[in-house]
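The structure appears right after this line, and notes come after that.
Every chain is numbered from 1 and lettered A, B, ... according to where its sequence line falls, protein lines coming before strand lines.
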Number of protein chains: 2
Amino acid sequence: MESLLRYFDMLCLIPKAPNSISTPEILEKLQNMDYAVDLRTVQRDLVKLSASPLFPIANTENTKPLRWFWIDNSSPMQLPMISTDEALTFKLAEMFLEPLLPPSVRARLTGYFDLADKRLKESKFEHWIEKVGIVPNNLPLLPAEIEPSVLAVVYEALLKNLRFKATYQAVNKSPKIYEINPLGLVFRHNSIYLVATIFDYTDVKQLALHRFKEAELSDRIVLVPADFALEDYIAQGSFSYPVDNHLKDITLKLKVNGFLKQMLLETPLCEKQKISDIDDEHYLLEATVTNTEQLHWWIRSFGSGIEVLEPLELREAFVLEAEALSEMYCKSDNHLNSKSTFL
Amino acid sequence: MESLLRYFDMLCLIPKAPNSISTPEILEKLQNMDYAVDLRTVQRDLVKLSASPLFPIANTENTKPLRWFWIDNSSPMQLPMISTDEALTFKLAEMFLEPLLPPSVRARLTGYFDLADKRLKESKFEHWIEKVGIVPNNLPLLPAEIEPSVLAVVYEALLKNLRFKATYQAVNKSPKIYEINPLGLVFRHNSIYLVATIFDYTDVKQLALHRFKEAELSDRIVLVPADFALEDYIAQGSFSYPVDNHLKDITLKLKVNGFLKQMLLETPLCEKQKISDIDDEHYLLEATVTNTEQLHWWIRSFGSGIEVLEPLELREAFVLEAEALSEMYCKSDNHLNSKSTFL
DNA sequence: ATCAATGCGACAAACTTGGACGTTTTCATA
DNA sequence: TATGAAAACGTCCAAGTTTGTCGCATTGAT
């Protein structure tokens, strides 16, 4: 029994394929875990384990301290086994993440998605996928593709607090090599942006990951500018979303139609929202939300289904926008659209 | 060694907490796997395994065929261990899924997210999270909450092709008990809808999962109406998204501003889109896309940043909308808004 | 009440494990 | 090129573990 546990711990010590661990290292770690074993035992155990098809581990055959690793691209084994509803949730997550994560990021989870697939197949539940549909409420734009090797370097650089050298091609410019001092990653609009400083300059830049051609880890450590915090940097509006460059809660009063009323009842804007009747077809919505550009997009997207009543500044902004739209479209089209009313 | 494999296979046979397996069942399955073992051996093995804190398995102590299960709420163990970049991707996925999946669905993956957390902590990479930000481009609405027990029954019913009995409270009506014949699940707008027929009627209904109060699996099998396929059902516009109730590709010509031009260069509308200059501030975008309600929302959300030029039908629709908006806002505001120009 | 199925303790035979020791191989250093 | 340290690997054997068997107790169905 003791040996079963040791086998288990040994298997846990062995890393996945690109990495490896030598037999003496395993011995040392096991001894730290209070297993009083001999090197010979470790050697024998490893040979035994690797002989079983259940544990696809192998060693580098011609080095002297043999190094062991899991042969990969197989999906992980786990205990307890993935349950069918976990498997379903994984498939669901996969469907949701597909339009959101660039393929090179998502690829790091394929092992789990495959595991879920296998589980569903063996349970004869493979038809589940046909029983689930996702209707996105935003337009699927094609994600910008990122060089997988670049992504790997960026991940590692952020993890290990190291700089990296990379070829970056800014819009309308020729590619150049920079030393990048990475501070954070921001996912927006199906794209990934690296927030970083360059060389030893101190101004914080945003670099789109898909504009990097190649990257190589450096050994210089990252210098974080005093007081820099990614969250604050985003909140300050560096990604140009909060309105007027600072986040502010506002109390909205909107006149909405029946469709929106129903939708908002089911998925409210905030926890304390109130909906009351104005007339047979219109409802008053009151809610407190953060005044962001997303809010404006959301309101605009319903066209005349939403009329902003308060706050007044917001209403005025929408009045101006309505005029701009009207001017843009009606100028040229008044003559051909008989239904247009004279304003 | 043989016994190690047997232990492993035994552990795989044991399901997670709500489910369980009896000792004789384990014996039978092991024998099917060509292990020539005795029942007594299985019994002893289970006792031994459950004694180890590594394998949190337990049995029902007072039933005669003892039933074994994994004690729950522990994160799964896996081999090979989760790598740091898998862990990072899990955390990322968690951040993305948070606003998309109702808590009761997401809860089924918490084990994995916890596993990722642990891994990141032990590698001292916990600060990674502070280095990643997600800027959503849609307004986060609060997801409708679903009774976890209802979700479990619905999942199971769909998996096993069984009907279920449930209490459903339709909008503005009192709760009633129905026998539901489930056909599929649709995720839309942060809500989950069950596509189903009721009792033995043949008309297909959409039932919001959060409107179910309780549910109980029945043993009657699901009857799928002839020719029913969820994908077609959605595509037919049953969730009211495709325009004019059928999907049609259209060739868009849009006049867009500089911000949009840049955005579309990075995340294009379709693979063959073309962008050309109109004047210093405006660009002509040509792309072929499916004419859906999402497209209209997307266009509307940019206000006067986009002018639809073609197809003409679409332009006319936007002309009408611009007029409606203008009428809605300008009527009442002309007098108070000095900035508004007379049209 | 009876029977079949299961759990559990005990025991001995069979098997596995792991340390000891020796030989071989490889690599780094003198 | 010689030398030595470290690792791999083969083999032996005693200690320890595993497993089938049997007997008895308990439980639930007929």
Go through D:dA8, C:dT17, D:dT19 for me and flag the one nearest to the B:R44 side chain.
D:dT19
Regarding the side chain of A:R40, the nearest nucleotide among C:dG18, D:dT19, D:dC9 is D:dC9
Of A:D38 and A:P65, whose closest DNA chain C nucleotide lies nearer the 5' terminus?
A:D38
Distance check needed: D:dT17 P versus B:L4 CG, whole Å only.
17 Å
Which part of the nucleic acid does A:T23 contact within heavy-atom distance under 4.0 Å: base, sugar-phosphate only, or nothing?
sugar-phosphate
To the nearest Å, give me how far apart CZ (A:R67) and P (D:dA7) are.
12 Å
Send over the distance from B:Q31 CD to D:dG20 C1', rounded to a whole Å.
13 Å
Figure out the CH2/P separation between B:W68 and C:dT6, and round it to whole Å.
15 Å
Does a side-chain N or O of A:S3 approach OP1 or OP2 of C:dT16 to a distance below 4.0 Å, or not?
no
In terms of side-chain geometry, is the basic nitrogen of A:E25 or A:R67 positioned less than 4.0 Å from the acidic oxygen of its partner?
yes
Atom CG of A:L39 and atom P of C:dT17: how far apart are they, to the nearest Å?
18 Å
With respect to the side chain of A:Y7, which nucleotide from D:dG20, C:dG7, C:dG18 is positioned closest?
C:dG18
Identify whether the distance between the nearest side-chain nitrogen and carboxylate oxygen of B:R44 and B:D38 falls below 4.0 Å.
no
What is the nucleic acid contact for B:V37, judged by heavy atoms within less than 4.0 Å: base, sugar-phosphate only, or nothing?
sugar-phosphate
5' precedence on DNA chain D between A:P24 and B:R6 (nearest-nucleotide basis):
A:P24
Tell me what B:N59 touches on the nucleic acid: a base, only sugar-phosphate, or nothing, going by heavy atoms under 4.0 Å.
nothing
Rounded to whole Å, the CD-C1' distance (A:E28 to D:dA6) equals 15 Å
Below 4.0 Å: OP1/OP2 of C:dT16 and any side-chain N or O of A:K48
no
Quick test of your reading of the model: are A:R163 and A:D200 salt-bridged, counting only N-O distances below 4.0 Å?
yes
B:Q43 has a side chain; which of D:dT19, D:dC9, C:dT6 sits nearest to it?
C:dT6
Please state whether the rings of A:F90 and A:Y112 are parallel, tilted or perpendicular, taking 30° and 60° as the class boundaries.
parallel
Residue B:L66, side-chain atoms from C-beta onward, closest of D:dA8, C:dG7, C:dG9:
C:dG7
Are B:Y193 and B:F187, when compared by the centres of their aromatic rings, separated by less than 6.0 Å?
no
For B:L27 and C:dC8, give me the distance from atom CG to atom P, rounded to whole Å.
15 Å
